[in-house]
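The block underneath contains the structure these notes are about, expressed in structure tokens.
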Amino acid sequence: MRGGKQRGTRVAGSLFLASWALYITVVTASNLSELLSSFHAEHWRFRSGNLSYIESATRIYFENEQVNQVLLALVTVWEAGAAVLLWLSAWQWARRSEDAAAYARSGLVLLGLLWFAFAISTELTVAYDRGVNESAYWTLAAALLATLLLLEMWSSSLRGSSQGTETPSGISGETAGGIRGTDDPPG
């Protein structure tokens, strides 16, 4: 029973992480194609349209295509970094690697910071006056937080079972932070 539950947790965690990784990879690819199209290097139908969004948002402060292209490039690199971390975490989670939770946390936090940056920039540029609704960013941030909380619960259960020192309460000899309690035996 316990092995089946652990396998299910491992599969579910990998699927959650791979889903986030796939989502942000598609977003990154659409932003990259948008950026390349803006330089007239390529012209694909698959484009995000985010450069025109950035132009409408920054218009109250300046009108400079090159600066807007740099902003989109920075966002694309940020997204690509999160995508790489999330793909690594999905792979590591499936393999039950000890690094899986760290990669997952890093990728999800990096992605969450991006949504916060978008919400803040919407406020700074008063973009909601032009029809931009920042609630999508908050929804994505909440979904990320829920995913992070689930993964934290699952990783502690996987970590406890892999150490083989599980107590009857289901808590291993080490806490989530790796610090032993005062009643725990050494070693």
Side-chain angles (χ1 to χ4, degrees), residues 12-39 41-42 44-94 97 99-155 176:
S14 292
L15 288 174
F16 265 86
L17 291 165
S19 296
W20 277 111
L22 180 60
Y23 169 72
I24 201 61
T25 298
V26 170
V27 170
T28 302
S30 69
N31 278 336
L32 183 59
S33 66
E34 175 80 16
L35 191 59
L36 292 173
S37 292
S38 76
F39 291 117
E42 294 290 334
W44 292 297
R45 290 182 187 259
F46 175 69
R47 295 191 343 233
S48 65
N50 283 337
L51 191 57
S52 62
Y53 163 73
I54 291 171
E55 289 169 352
S56 71
T58 59
R59 187 176 303 135
I60 68 168
Y61 295 113
F62 60 84
E63 290 188 31
N64 186 316
E65 183 181 20
Q66 289 79 21
V67 171
N68 291 328
Q69 288 169 325
V70 167
L71 290 172
L72 183 59
L74 290 172
V75 165
T76 304
V77 168
W78 191 336
E79 293 165 342
V84 167
L85 288 169
L86 289 168
W87 282 118
L88 282 170
S89 68
W91 173 256
Q92 295 293 330
W93 194 279
S97 168
D99 297 332
Y103 282 122
R105 272 186 227 103
S106 298
L108 291 169
V109 167
L110 187 61
L111 194 52
L113 290 172
L114 181 66
W115 304 138
F116 286 124
F118 286 163
I120 291 166
S121 68
T122 300
E123 289 295 324
L124 290 174
T125 59
V126 197
Y128 48 82
D129 281 353
R130 292 175 295 290
V132 175
N133 185 351
E134 70 186 59
S135 65
Y137 307 134
W138 296 118
T139 301
L140 287 165
L144 273 171
L145 181 60
T147 302
L148 190 59
L149 290 172
L150 273 175
L151 292 174
E152 286 297 321
M153 289 188 320
W154 290 340
S155 72

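Predicted model, so just to flag it, every value in this text is computed and none were measured.
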Residue pair Arg105, Glu152: steps toward the side chain to side chain contact (heavy atoms under 4.5 Å, CB included) verdict:
CA-CA 9 Å; Arg105 272 186 227 103; Glu152 286 297 321; 2.5 Å; yes

Distance-minimising heavy-atom pair for Ala94 and Ser14
N-OG, 3.0 Å

Can you list the steps and then say if Val70 with Leu74 is a side chain to side chain contact (heavy atoms under 4.5 Å, CB included)?
CA-CA 6 Å; Val70 167; Leu74 290 172; 4.1 Å; yes

Could you tell me if the side chain of Trp20 sits less than 4.5 Å from the side chain of Leu140, heavy atoms only?
yes

Would you name the heavy atoms of Ala104 and Ser89 that are closest together and state the gap between them?
N-CB, 3.3 Å

Once rounded to the nearest 0.5 Å, what's the spacing between atom CG of Asn68 and atom OG1 of Thr58?
3.5 Å

side-chain contact (heavy atoms from CB on, under 4.5 Å) partners of Gln66, counting only residues at least two apart
Asn64, Gln69

Is the closest side-chain donor-acceptor distance between Thr25 and Trp87 under 3.5 Å?
yes

Rounded to the nearest 0.5 angstrom, the CG-OG distance for Leu35 and Ser30 is 11.0 Å

Test side chain to side chain contact (heavy atoms under 4.5 Å, CB included) on Leu111 and Leu114 and set out the steps.
CA-CA 5 Å; Leu111 194 52; Leu114 181 66; 4.2 Å; yes

Working to the nearest 0.5 angstrom, can you tell me the gap between Thr147 OG1 and Trp154 CH2?
8.5 Å

So do Leu72 and Asn31 actually touch side chain to side chain, heavy atoms under 4.5 Å?
yes

Just wondering, do Leu110 and Leu85 contact through their side chains at under 4.5 Å, heavy atoms?
yes

Reported CZ-to-OG distance for the pair Arg47 and Ser33, which is rounded to 0.5 angstrom
7.5 Å

Once the angle between the rings of Tyr23 and Trp115 is folded into 0 to 90°, is it parallel (under 30°), tilted (30 to 60°) or perpendicular (over 60°)?
tilted

Straight-line distance of Thr28 OG1 to Leu32 CG, nearest 0.5 Å
8.5 Å

Greater than 12 external heavy atoms within 6.0 Å of Trp78's CH2
yes

Glu34 side, atom CD; Tyr53 side, atom OH - distance, nearest 0.5 Å:
13.5 Å

Trp93 vs Leu151, side chain to side chain contact (heavy atoms under 4.5 Å, CB included): CA-CA, chis, key distance, verdict
CA-CA 10 Å; Trp93 194 279; Leu151 292 174; 3.8 Å; yes

Residue Phe118 excluded, over 12 heavy atoms near CZ under 6.0 Å
yes

With a 4.5 Å heavy-atom cut-off, do Leu148 and Leu144 have their side chains touching?
no

Minimum-distance pair of heavy atoms, taken over all atoms of Ala18 and Ala90:
N-CB, 3.7 Å

Sequence neighbours left out, what passes salt bridge (Lys or Arg N to Asp or Glu O under 4.0 Å) with Glu79? Give chain and number order.
none

Could you pull out all residues at least two apart from Phe46 that satisfy ring-ring contact (aromatic ring centres under 6.0 Å, His included)?
none

